[in-house]
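A quick note: this is a predicted structure, and the numbers were derived from the prediction, not measured.
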Amino acid sequence: MGKKPWKVMTTTAVISSLLLASACSPTNEASEKKQKGETSANISVPVTDYSFDTAGNMFAYSEFELSGEPLAEGLGLDLDVLDARKMDKPTKFDYIAGIESYEYSEEAMYEVTEKSGLGLHLIYGPMTEQQAQKAQKSNDEVLAERFYQLADSVGYAHEEIFRNMFPTMIEYAGGDPHYAQKVDTDVYAENNDKTYVPVYQVDFQSLRWDRSKMEKRLTPSAYGGTFLKQALWAGDFLGGLHTVDKDEEIEAKTKNDDQDPNIALGVSSADGMQGMILTEEIWNKLNFVRDHLFYSAKQQWLAKAAGSQYNPQSGWVYLPHEIEVIEDGNELAPKVKQLIVKDKRSLLQDQWLMLWPASEFYGVTDQRPDNKNQNPAFLAVFDGSPYPSAPKENLDQNPTNDVVSNDPYSVNRDVVLQVFKNIDAMHFNQEVGAFVEENNGSAQGKRVDTFQAGYTMEALRIFERAIDGLPVGYASGEDAQGLGTPEGKRALELIKKQADFIMNELIREDGLVANGWIIGQGPETDEPTLLAQLGAIRGLTAAFLATKDEQYREAARKIYEAMDKHFWDQKLRVYKTGKNEMKYTPFVAGALSGVLRIALNNLNNTDSDQPVKVLERETIISRYVDFYDRIIDGPSIKEGMQASEFWDTGDVYIKGDKSGNTDGDNVPQVQAGHGKYGIAPILLNVEVKPKKE
């Protein structure tokens, strides 16, 4: 590194100057070229749609995260041996999982929550507003002071906070991921090996998307999917402590360890700061959702959630599918002028994509004395500083004495309980024992969607773990003694009933599952899709993990075997997604990543199994590598789902190199991607085709 410091030096206290970066930096070793060779020569993977779907992307990248470092480390990899600039080392699988899958996931989250402007600014978040009114100061001044307070809690120097960040309070449904202006790739700081830090890595001003092309709609799938990314990473970043003098991660022994002047919150200073920013965004988003985005079926307008006091039998109050946002016209930091309900339906996808992240965050914020599985590092974050603790009335086992509070634990509990109750009351059909995909606000629909039902089971599994005080996040597979709450018991009942429905009603003679079921008619008879198989496998594996009932695991294994037989194209080495088609969306990609992960962790052959060739770990790993190599990265620089990449995956900037692809793989640098000024590092829709000779 040259004389200039890595982190930008800033003296201003204006919120538009705040920025965060990860603690990683490029190595000084030469980049190794990624060899594609014949593995991708026989396919083409053209992009079919350059628009950005927030829900699909954030869902997919959540699965990519879990299929990244946690998966590789769980299979025995020492993460310290990974180097972003040493392609496919120590093995191709290790590199793809530990570097590509994981870092693609992280950077896409930052694009949405910190860089693009795809949503409403944190400067007008409910808690920012409340603090500004209390202090009788402007919102921007209060938010800047808040960032400094958060920095102090993790030992992060004020002058190292970066510039022109756009922290989102809540995210929009979609937009155009092309950059609206020239990305600033000028030299900010030089390294000794001719690599350099471009300005845009420390100043996000040139990374904004075009606001006129944003879908300014609030859908639970979109802001919930982003919430899932935020909650998983916040839990990772804040799940330990670190020493101030050496910035070394240490395990928290008690919730008061950070009172030692040489111990700070977060696993490191930089990661801890990022965890605090994510938590600040979540906290404001949850208060906005609870107080403004629920819909009363009786009053037919927006209402406030009641959480533990909510009784669906007294009238449904739920998250509607679509709310249009009319902004106030401020381009730099837009504020809500009006909210208009455009689609009052309750969609199952919206509900599980809020239940899952709220359950993850419940595990982070849980302060109940009865929970003996708490991480002291989390307790230290929510002990009053930097985040308020929950009232004692909200931490006991008596819901009748609960009080309304806007602290992180209480507001999240209000949201997660109300969403859980609505999934049960509005979407679970008691007669057939399955979840229907929509409710119009007056009555349930008639269709059970296999994919949506399967992922609802996974969301319920995480909810049961969280509400019963079991580890979530990366540790959601660990065994522990739970609290046995009424809500947890009901969640297990729902999981088992839906699992039995899949096994008894949806599995066809060929071993595949039907795409759906129409109440009063039976299973759908159209050609099965890959997405339906993935949802069923995900759901049945969730049922196995939640209940330890081996019949669910065995059913998942059989569907996996049938899926591989029916959908795997041996010549092209990709999965077909339907009859004679290979169309990949972020939802398909995310679900496939998740199923390959659980196949490696939970469904692979053991000594007690009747061996299934496609469930040998070597075979699963080969499918995993082919998926990322051929479909995500793609066979050429202009193909594949991953639109561009950041420096964390090895595409460093080198003085004099104008290639826009210094690591020689098939994913361009952001400014060199599609469009006049390049494109953000996100996932796009593609269609896989045999390459014409």
Would you say the side chain of [Y] lies within less than 4.5 Å of the side chain of [X], judging by non-hydrogen atoms?
| X | Y | result |
| --- | --- | --- |
| Gln274 | Trp233 | no |
| Ile537 | Met563 | yes |
| Thr279 | Gln230 | no |
| Lys576 | Glu581 | no |
| His242 | Val267 | no |
| Asp569 | Val688 | no |
| Met641 | Leu684 | no |

When rounded to the nearest 0.5 angstrom, what is the spacing between [atom1] in [X] and [atom2] in [Y]?
| X | Y | atom1 | atom2 | result |
| --- | --- | --- | --- | --- |
| Glu437 | Leu348 | CD | CG | 8.0 Å |
| Glu171 | Ser116 | CD | OG | 9.0 Å |
| Leu232 | Phe227 | CG | CZ | 10.0 Å |
| Met273 | Ile161 | CE | CD1 | 4.5 Å |
| Asp665 | Thr649 | CG | OG1 | 7.0 Å |
| Asp210 | Leu118 | CG | CG | 11.5 Å |

Is it the case that the side chain of [X] and the backbone of [Y] share a donor-acceptor pair, with hydrogens and angles ignored and the cut-off at 3.5 Å?
| X | Y | value |
| --- | --- | --- |
| Ser101 | Phe64 | yes |
| Glu281 | Met169 | no |
| Ser268 | Asp271 | yes |
| Glu111 | Ala680 | no |
| His321 | Ser221 | no |
| Gln642 | Ser644 | yes |
| Asn284 | Leu122 | no |
| Thr54 | Ala222 | no |
| Thr219 | Ala173 | no |
| Thr662 | Val652 | yes |

Would you name the heavy atoms of [X] and [Y] that are closest together and state the gap between them?
| X | Y | value |
| --- | --- | --- |
| Thr541 | Ala556 | OG1-CB, 3.7 Å |
| Gly634 | Asn666 | O-ND2, 2.9 Å |
| Leu540 | Met457 | N-CE, 4.1 Å |
| Ala546 | Ile495 | CB-CD1, 4.2 Å |
| Ala591 | Leu531 | CB-CD1, 4.3 Å |
| Phe166 | Pro334 | CZ-CD, 3.8 Å |

Tyr110 six-ring centre to Lys115 NZ/CZ under 6.0 Å and within 45° of normal: no

Presence of salt bridge, [Y] and [X], under 4.0 angstrom:
| X | Y | result |
| --- | --- | --- |
| Arg597 | Glu63 | yes |
| Arg573 | Asp626 | yes |
| Arg217 | Asp343 | no |
| Lys229 | Glu106 | no |

Measuring centre to centre across the rings, with the benzene-like ring taken for any Trp, is [X] within less than 6.0 Å of [Y]?
| X | Y | result |
| --- | --- | --- |
| Phe52 | Trp209 | yes |
| Phe59 | Phe587 | yes |
| Phe463 | Phe420 | yes |
| Tyr387 | Trp283 | yes |
| His178 | Tyr50 | yes |
| Phe93 | Tyr624 | yes |

Determine, stepwise, if the pair Val325 / Tyr172 fulfils side chain to side chain contact (heavy atoms under 4.5 Å, CB included). CA-CA 9 Å; Val325 176; Tyr172 287 152; 3.6 Å; yes

Cut-off 3.5 Å, side chains only: do [X] and [Y] have a donor facing an acceptor?
| X | Y | result |
| --- | --- | --- |
| Asn412 | Thr365 | no |
| Glu65 | Tyr104 | no |
| Asp564 | Tyr575 | yes |
| Tyr95 | Tyr628 | no |
| Gln452 | Gln349 | yes |
| Thr168 | Thr113 | no |
| Ser346 | His427 | yes |

As a quick check of understanding, evaluate side chain to side chain contact (heavy atoms under 4.5 Å, CB included) for Tyr474 and Leu71, giving each step before the final call. CA-CA 9 Å; Tyr474 295 172; Leu71 173 63; over 6 Å; no

Counting only heavy atoms not in Lys583, do more than 12 sit closer than 6.0 Å to its NZ atom?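 No.
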
Within a radius of less than 6.0 Å around CD of Glu249, do more than 12 heavy atoms belonging to other residues, nucleotides or ligands occur?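 Yes, the 6.0 Å shell around CD holds more than 12 heavy atoms from other groups.
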
Pairs where residues 449-466 contributes a residue and the test salt bridge (charged side-chain N to carboxylate O under 4.0 Å, His left out) is met, not counting sequence neighbours: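 Passing the test, one end in residues 449-466: Arg447-Asp449, Glu458-Arg461, Glu458-Arg538.
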
Evaluation steps, ring pair (Phe, Tyr, Trp, His ring centres under 6.0 Å), between Phe646 and Tyr200: CA-CA 11 Å; Phe646 199 61; Tyr200 83 82; 5.8 Å; yes

Holding to ring pair (Phe, Tyr, Trp, His ring centres under 6.0 Å), I want the full list of residues that pass it with Phe361, two or more places apart in sequence or in another chain. none

Applying ring pair (Phe, Tyr, Trp, His ring centres under 6.0 Å), can you list everything that pairs with Phe451, at least two apart in sequence or on another chain?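 Expected list: Tyr455.
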
Before you tell me yes or no, could you show the steps for Asp203 and Asp184 under side chain to side chain contact (heavy atoms under 4.5 Å, CB included), namely the whole-Å CA-CA distance, both residues' side-chain angles and the distance that decides it to 0.1 Å? CA-CA 9 Å; Asp203 185 340; Asp184 194 343; over 6 Å; no

With Leu319, which of Asp350, Leu353, Val419 fulfils side chain to side chain contact (heavy atoms under 4.5 Å, CB included)? Val419

